[in-house]
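For reference, the structure discussed in these notes is given below.
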Amino acid sequence: MASTASAIQAPKGTRDILPAESARWQAIERIARELATLYHFDEIRTPIFEHSELFHRGVGETTDIVSKETYTFSDREDRSLTLRPEGTAGVVRAVIEAGLLNDQGARVKVFYIGPNFRCEKPQKGRYRQHHQFGVETLGIAEADADVECILLQMEFYRRCGVKDLALRINSLGDAESKQRYRDALVKFISPAASTLSEESQRRLASNPLRILDSKDERDIKAIRGAPPAAEYLSEASAKHFTRARDLLGKANVPFTVDGTLVRGFDYYTGIVWEVTAAGLGAQNAIGGGGRYDNLVEMLGGRATPGVGFGSGLERLLIALEEQGVAIDTRQRPLVWLVSLGDAARDANWQLMQQLRAAGVRCDMDPTGRSAKSQFKLADREKAAWSVTTGDSELAGGTVSLKNLASGEQTSVPRDQIVAKLQSV
RNA sequence: GUGGCCGUAGCUCAGUUGGCAGAGCGCCAGGUUGUGGUCCUGGACGUCGCGGGUUCGAGUCCCGUCGGUCACCCCA
């Protein structure tokens, strides 16, 4: 630690995934990939930065995420670029650009796992770089696609072992329904505008629907008795919502309809949903999604409906941790080679190559420490087996194989040890 | 962006009205010329987050700053 230069720290709100935790990440990412593939979604990987315009047009100028939380910078050619704050806009941009929606009736089902960036003040479950697993279905307008996404999402949580989940859904309807409801809401709230919180007074003009899910007492009071969104749904939107609830019921997925659920991004049009989990503190949304039937067109593609969700992986891991859920991070057993003397060390160096070539996970300490120290290391590294070589083994053409859990040690001919360890 | 709490060894933390920098765990070595997870003995490891101020003297008091944490806000 004695260094003259001051140590550089990770940027605020970012975290290193250290060796002790990476197995947990790999485990949930593996579950996500297997499950998405099972539901016939293919992986897509898009850049972590995009032209800033993409998020302004796609996610929306009035959303906090775009208006005050992006990491935006100019490159050497003076183009404005932004680290992606969410996954959907980039995926839709990529799908349009690759022409995957150009055929009539084309559909695309993709999933992604990767980092997003938002310059917020960090707190529990909220980081400046966070990771999401998400899926998008493009080209299917039916509620079946919405419900497929929700089922996949809930099954993901089930397989990871999260408990105490709550699914809430709502529908603000298509663009026309949303506009009608927006007008009605403004009309209802306006007489009491001066009693709203400062933030909501601003939102009354820019994004009045957001006032619905404000936690501010003044806002809650002002919207009491406000007309429900359901009354302003077009016939098509109402039908869509009904079918979605019906399908969820038949799939035995518990949910509640929450008329105050309004999700942040401008591109949402019909159904939106959110899943919360116990153990997360104030940031208790573990994932959310919704339908965005205008986004593809807004981004320059042929008008195509879309639906998807994003799920925060840090929050998932926090919930699992807080709930005391064990994640299966088992690896193949580790073999530790113990060398007593230089000749033995050289022999073990060769043996280690043979074992690795044969698929046996193994390691050794090359620093010439005492047998005791080498066994302590094996113990600390959670090795299952030790293979000891010393003068007597070299003379006899054997190694000493020890089961470190039971302490039992046997002599094995040197030319049989690789095959023997392959079979344990 | 606003506010509360917190930064001392690798980790968890003590440190009294300002007066020699501490404990437990972990780590290294020995006890056992070749055997771990128990035990015993010894040892190493600190810019007290950083910068400034007050003072004879600051881990301790004051100011600033960086970071962590929690909440608001927002969201995964």
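Residue numbers begin at 1 in each chain, while the letters A, B, ... track the order of the sequences.
- Here, B:U65 and B:G57 have their P atoms 26 Å apart, quoted to the whole Å.
- When both pairing distances are held under 3.5 Å, B:A14 makes no Watson-Crick or G-U pair with any nucleotide shown.
- Both the sub-6.0 Å distance and the 45° axial angle are satisfied by A:R245 relative to the ring of A:F241.
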Give me the distances for all protein-to-nucleotides 67-70 of chain B N/O pairs that come in under 3.5 Å?
residue, atom, partner, partner atom, Å
B:G68, OP1, A:G13, N, 3.0
B:U69, OP1, A:R15, NH1, 3.2
B:C70, OP2, A:K124, N, 2.6

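- Across all strands shown, A:K68 has no heavy atoms under 4.0 Å from either base or sugar-phosphate atoms.
- One can place NZ of A:K372 at 9 Å from C1' of B:A29, the figure rounded to the nearest angstrom.
- The gap from the P atom of B:G53 to that of B:C27 amounts to 43 Å, rounded to the nearest Å.
- Counting non-hydrogen atoms under 4.0 angstrom, A:G407 reaches a base of the nucleic acid.
- Here A:H130 lies parallel enough and close enough to stack on the base of B:A76, with planes under 30° and ring centres under 5.5 Å apart.
- Comparing the P positions of B:G19 and B:C62 gives an interatomic distance of 15 Å, to the nearest angstrom.
- Of the C1' atoms belonging to B:A23 and B:G30, the separation is 24 Å, rounded to the nearest Å.
- Taking atom CG on A:D213 and atom P on B:C72, their separation rounds to 13 Å, with Å as the unit.
- In this structure, A:R210 reaches the B:C75 phosphate: one of its side-chain N or O atoms is under 4.0 Å from OP1 or OP2.
- The distance between atom NZ of A:K376 and atom P of B:A29, rounded to the nearest whole Å, is 8 Å.
- Taking atom CZ of A:R380 as the reference point, atom C1' of B:G36 lies 11 Å away to the nearest angstrom.
- Contact check, A:S370 against B:G30: a side-chain N or O comes under 4.0 Å of OP1 or OP2.
- Taking side-chain N and O atoms only, A:R126 has no distance below 4.0 Å to OP1 or OP2 of B:C73.
- Separation of the P atoms belonging to B:C74 and B:C11 is 36 Å when rounded to the nearest angstrom.
- Taking only side-chain nitrogens and oxygens, A:R369 comes nearer than 4.0 Å to OP1 or OP2 of B:A29.
- Per the geometry, CG belonging to A:N207 stands 11 Å off P belonging to B:C74, to the nearest Å.
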